[in-house]
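All values derive from a computational prediction rather than experimental measurement.
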Amino acid sequence: APNFTVVSITGQSYNLYNLLDSGYTVYIDFFATWCGPCWNYHSTHALQELWEQYGPSGTGEAFVFGIEGDCQTNTQCITASPGCNDPNNQGNWANGVTYPLVDNCSIRSLYQVAYYPTIYMICPADKKIYEAGQQGPSGLWAAREANCPPLVVTALVNDVNNTICYGSSTGSIDISVSGGTGPYTYNWSNGAHTQDLNNIPAGTY
């Protein structure tokens with residue numbers, strides 16, 4: 001998938017590769033404000049439900065963009081605000097939507113979008129792009145499970161202090177984790193003795 005940086009209609013900036021490198025599977029809805037089938041799919045709330053369940057405030061595994069791709073329509077049409085220059089605007093696309101909405105027709109050209117709506121899914125591990133289609137949230141997530149390879153997570157041991165024999169209560173190991181958003185599972189072993197630590201959030205310990 002080609003990289004891009006976009007600014008949402010609320011002013012937040014996002015970089016695709018930064019999101020992918022953070023472990024998010026990225027879904028993109030390319031739409032036009034005049035497009036009836038786009039509005040029909042938008043009204044199913046499939047992408048909003050996906051965002052709520054798997055987005056940053058959910059499990060932290062998915063990210064969603066809605067990108068308005070028609071160069072002839074203006075940003076006011078996305079929110080059905082005064083000054084919208086599209087007489088066929090279908091409604092307020094931002095109503096009830098908490099994932100980023102973007103007005104940027106250059107991204108549509110970059111991705112060679114031939115029709116609206118086009119729903120793409122981009123896998124984090126290999127940045128490969130798939131057309132996910134107009135599915136419900138479970139179908140969109142199933143596309144990820146079927147096509148995206150596992151994300152490789154790297155853990156680096158930064159420092160080992162006061163290494164001591166098994167059974168003592170002191171000593172520390174600092175680990176930095178990259179790739180994905182957690183939580184992670186660690187398995188500590190010194191030969192015959194093993195301890196599992198589950199659901200550790202991302203970060204340095």
Side-chain angles (χ1 to χ4, degrees), residues 1-35 37-81 83-84 86 89-113 115-124 127-137 139-141 143-144 148 151 180-182 202:
N3 193 20
F4 60 76
T5 297
V6 291
V7 177
S8 73
I9 62 172
T10 56
Q12 284 82 29
S13 179
Y14 302 94
N15 178 265
L16 174 64
Y17 279 14
N18 286 347
L19 293 169
L20 295 171
D21 290 341
S22 295
Y24 290 111
T25 300
V26 176
Y27 293 82
I28 306 175
D29 173 18
F30 286 99
F31 71 97
T33 55
W34 46 261
C35 169
C38 302
W39 181 256
N40 292 339
Y41 180 65
H42 177 80
S43 298
T44 69
H45 309 295
L47 289 168
Q48 178 63 31
E49 290 179 24
L50 183 80
W51 174 260
E52 292 172 359
Q53 185 171 357
Y54 297 106
S57 297
T59 63
E61 298 172 273
F63 206 91
V64 178
F65 288 108
I67 298 182
E68 210 287 335
D70 189 340
C71 295
Q72 303 305 314
T73 58
N74 57 17
T75 303
Q76 290 93 321
C77 296
I78 296 178
T79 55
S81 301
C84 169
D86 179 7
N89 183 33
Q90 297 291 304
N92 183 353
W93 298 81
N95 186 36
V97 171
T98 55
Y99 58 83
L101 295 174
V102 175
D103 183 19
N104 191 316
C105 63
S106 66
I107 307 301
R108 181 211 67 192
S109 299
L110 184 66
Y111 276 74
Q112 302 176 13
V113 173
Y115 59 89
Y116 302 117
T118 294
I119 316 299
Y120 281 145
M121 177 191 72
I122 306 170
C123 298
K127 297 180 173 64
K128 191 170 182 180
I129 185 170
Y130 296 88
E131 187 167 348
Q134 299 175 52
Q135 302 189 71
L140 293 169
W141 196 246
R144 172 194 184 269
C148 292
L151 186 68
T181 57

Tell me if a side-chain donor or acceptor on [X] pairs with a main-chain N or O of [Y] at a distance below 3.5 Å.
{"X": "H42", "Y": "N40", "result": "no"}
{"X": "Y41", "Y": "Q135", "result": "yes"}
{"X": "N74", "Y": "G83", "result": "yes"}

Margin query: Is the distance between the ring centroids of Y99 and Y27 under 6.0 Å?
Written below: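 No, the ring centres sit 6.0 Å or more apart.
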Check: Can you check whether W34 and W39 have ring centres sitting under 6.0 Å from each other?
Finding: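 Centroid distance W34-W39: not below 6.0 Å, so no.
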Will you find, in the side chains of W51 and T98, an N or O donor that is under 3.5 Å from an N or O acceptor?
->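 Distance-only check passes for W51 and T98.
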- Have T59 and Q53 got a donor and an acceptor in their side chains that come within less than 3.5 Å?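 There is no such pair (donor and acceptor under 3.5 Å, judged by atom type) between the side chains of T59 and Q53.
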To the nearest 0.5 Å, how far apart are [atom1] in [X] and [atom2] in [Y]?
{"X": "S106", "Y": "Y111", "atom1": "OG", "atom2": "OH", "result": "11.0 Å"}
{"X": "I107", "Y": "I67", "atom1": "CD1", "atom2": "CD1", "result": "6.0 Å"}
{"X": "F65", "Y": "I28", "atom1": "CZ", "atom2": "CD1", "result": "7.0 Å"}
{"X": "N89", "Y": "T73", "atom1": "CG", "atom2": "OG1", "result": "8.0 Å"}
{"X": "T118", "Y": "E131", "atom1": "OG1", "atom2": "CD", "result": "5.5 Å"}
{"X": "R144", "Y": "I122", "atom1": "CZ", "atom2": "CD1", "result": "14.0 Å"}

Testing the basics here: between [X] and [Y], what is the closest heavy-atom pair and its distance to 0.1 Å?
{"X": "C105", "Y": "G69", "answer": "CB-O, 3.1 Å"}
{"X": "M121", "Y": "A132", "answer": "CB-CB, 4.2 Å"}
{"X": "L16", "Y": "P2", "answer": "CD2-O, 3.3 Å"}

Q) Hey, are the side chains of L50 and V64 touching, using non-hydrogen atoms and a 4.5 Å cut-off? A)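 They are in contact (side-chain heavy atoms under 4.5 Å apart), so the answer is yes.
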Quiz item: Is any side-chain heavy atom of F31 less than 4.5 Å from a side-chain heavy atom of E68?
Solution: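 Yes, their side chains come closer than 4.5 Å.
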Q12 atom CD, over 12 foreign heavy atoms within 6.0 Å
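It does: Q12 CD has more than 12 such atoms within range.
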